[in-house]
Novice: 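Dropping a structure here in structure tokens format, bear with me for questions.
Numbers here are sequence positions counted from 1.
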Amino acid sequence: MKATDSLYRRLITWLLLPLLGLGALMLMQAYRSAHDAADRAFDRLLEAASLAIAEQVKWQDEQLWLDLPPAALEMLATDAEERVFYALYDNHGRFITGNADLPALPGGDDSLRFADTRWHDMTLRVGVRPARLDSWSQRERFEVRVAHTREGRDQLTWSLFTGSASRIALMALLAIAVVLLAIRIALAPLTRLRRAIRHRDPRTLAPLDLPLPRELAELRETLNELLARMRRVRANQERFIGDASHQLRTPLAGLSARAELALRQPEPDAWRSALETIQASSARTARLAVQLLSLTRLNNPEAAPAPATLDLVAVARNATRDAFAACHRAGIALDLDAPDAIVALSGIDWQLEEALNNLIDNARRYGAHHVTVRVQAAPPRLQVEDDGPGIPAEKRLLMLRPFHRGAETGDGSGLGLAIVDSIARGHGARLTLDDGRHGQGLCVTMTFQGDRE
């Protein structure tokens, strides 16, 4: 639909077009009715004239004889000055008398017949009356034909039609006015809704509260649901921004204080100790910034690429290879348990690698000595198990919230499991946190809904 299209214009179009079509049909019917009425009126004159002529037909000198009364043709005369014709024919169709040799009409019964016909480049209305002489000595059949041109009929037809057309036009104008008024009244609630949305403060997400018809009330409730979700998103963002600013401000303030304290020390050994502390703190801060950016990127669906077919085994192999060096330096054994066959899945590879990297990094930072990355095929599943201190069952759901850490020891930021949870939800996977196989450590599992290619 074009942006310039208007609901008001569409309603007018779809309501007035049938109305105009109906008006055209009414005009056609009015013209046809006027034409038939004019024919019936003038046919009565033809009928009367033919009857008057038939009554004057006599049998004289062994033939039909007609003494035409002037009134028989005068009754056909109107203001339109039609041309009037008459003729008398015997039983064999021979012309006896008249002012024109008029054509015959189809049909041979004894009923009065009327029809339009072309005769000498004129359109005539012809009336044919079969009759006979009923006397004690003669029973001769004959036929009286009377005709006139259509000027008077057309004039009467047009007069009747214009009268009907004016009434139809008046009713059409009234109907159009009623339709336009009805459309405006019907669309008034939509106008109120549009104005209410347009005049709202763009910073407020309060629900809309105005009376509307049922159809628009559903739209209002849908908008209110959207506003409610936006309020929750904004609240989460504000809470996240507050937590992030606090998390970043603390290590930055520590860096500044440590550097200031080192500047007051004259011994190089004190400087080296301070630099080592500053380096470790800056590394943690950099890791925190990277995780904050990752979480922000994951929570913006518009920035996420379209899912593509990937191999979970390849994803696990890449994540294990990337984390192997850090685990080796920390003295942690990192294993990969994956099938030889491809485990296909529709998803985003870098996000799943990010999830595995966070899980491995959490295990490394919180005291694990052995970490195993597993891939299962039926159903598709990614799993990271460690032998560290684990997380108590009552705190596992809290660990999925940003900046909640399982222990105060370690140098984690509290964002790893939150990032993993966001990635799992984005892939339609079920994230579970359980104890390790021997009741020690933590086993994090992402179970996917099969091949979603």
Novice: Around atom CZ of Arg195, are there more than 12 heavy atoms of other residues, nucleotides or ligands at under 6.0 Å?
Specialist: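 No, the 6.0 Å shell around CZ holds no more than 12 heavy atoms from other groups.
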Novice: So, the side chain of Thr149 versus the backbone of Arg83: is there a donor-acceptor pair under 3.5 Å, distance only?
Specialist: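 Side chain of Thr149 to backbone of Arg83, a donor-acceptor pair under 3.5 Å: yes, one is there.
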Novice: How about Leu19: does its CG atom have over 12 heavy atoms from other parts shown lying under 6.0 Å from it?
Specialist: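 Yes - once you tally the heavy atoms of other residues, nucleotides and ligands closer than 6.0 Å, there are more than 12.
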Novice: Just checking Leu210: does its CG atom have more than 12 heavy atoms from other residues, nucleotides or ligands closer to it than 6.0 angstrom?
Specialist: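 Yes, enclosed.
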Novice: Could you walk me through whether Phe324 and Ile360 pass the side chain to side chain contact (heavy atoms under 4.5 Å, CB included) test, one step at a time?
Specialist: CA-CA 10 Å; Phe324 183 79; Ile360 297 172; over 6 Å; no
Novice: Report yes if the side chains of Gln383 and Cys443 come closer than 4.5 Å at any heavy-atom pair, otherwise no.
Specialist: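 Side chain of Gln383 against side chain of Cys443, heavy atoms only: contact under 4.5 Å found.
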Novice: Between Glu140 (side chain only) and Leu64 (backbone N and O only), is there a donor and an acceptor less than 3.5 Å apart?
Specialist: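 Absent.
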Novice: If you count the non-hydrogen atoms of other residues, nucleotides and ligands that lie under 6.0 Å from CE in Met122, is the total more than 12?
Specialist: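 Counting neighbours around CE of Met122, more than 12 heavy atoms of other residues, nucleotides or ligands fall under 6.0 Å, so yes.
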Novice: Do we get Arg125 above Phe114's six-membered ring, with its NZ or CZ under 6.0 Å from the centre and within 45° of the axis?
Specialist: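 Judged by the rule, Arg125 and Phe114 form no cation-pi pair.
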Novice: Check the side chains of Glu353 and Asn357 for a donor-acceptor pair under 3.5 angstrom, ignoring hydrogens and angles.
Specialist: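 Judged by distance alone, the side chains do not pair up.
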Novice: Is it true that, when you exclude Asp209 itself, more than 12 heavy atoms of the residues, nucleotides or ligands shown sit nearer than 6.0 Å to its CG?
Specialist: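 Atom CG in Asp209 is not crowded, with 12 or fewer foreign heavy atoms closer than 6.0 Å.
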Novice: Please check if the number of heavy atoms outside Arg118 that lie under 6.0 Å from its CZ is greater than 12.
Specialist: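 Counting other residues, nucleotides and ligands, CZ of Arg118 exceeds 12 neighbours.
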Novice: Can you confirm whether more than 12 heavy atoms, excluding those of Trp119, are under 6.0 Å from its CH2 atom?
Specialist: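 Result for CH2/Trp119: enclosed.
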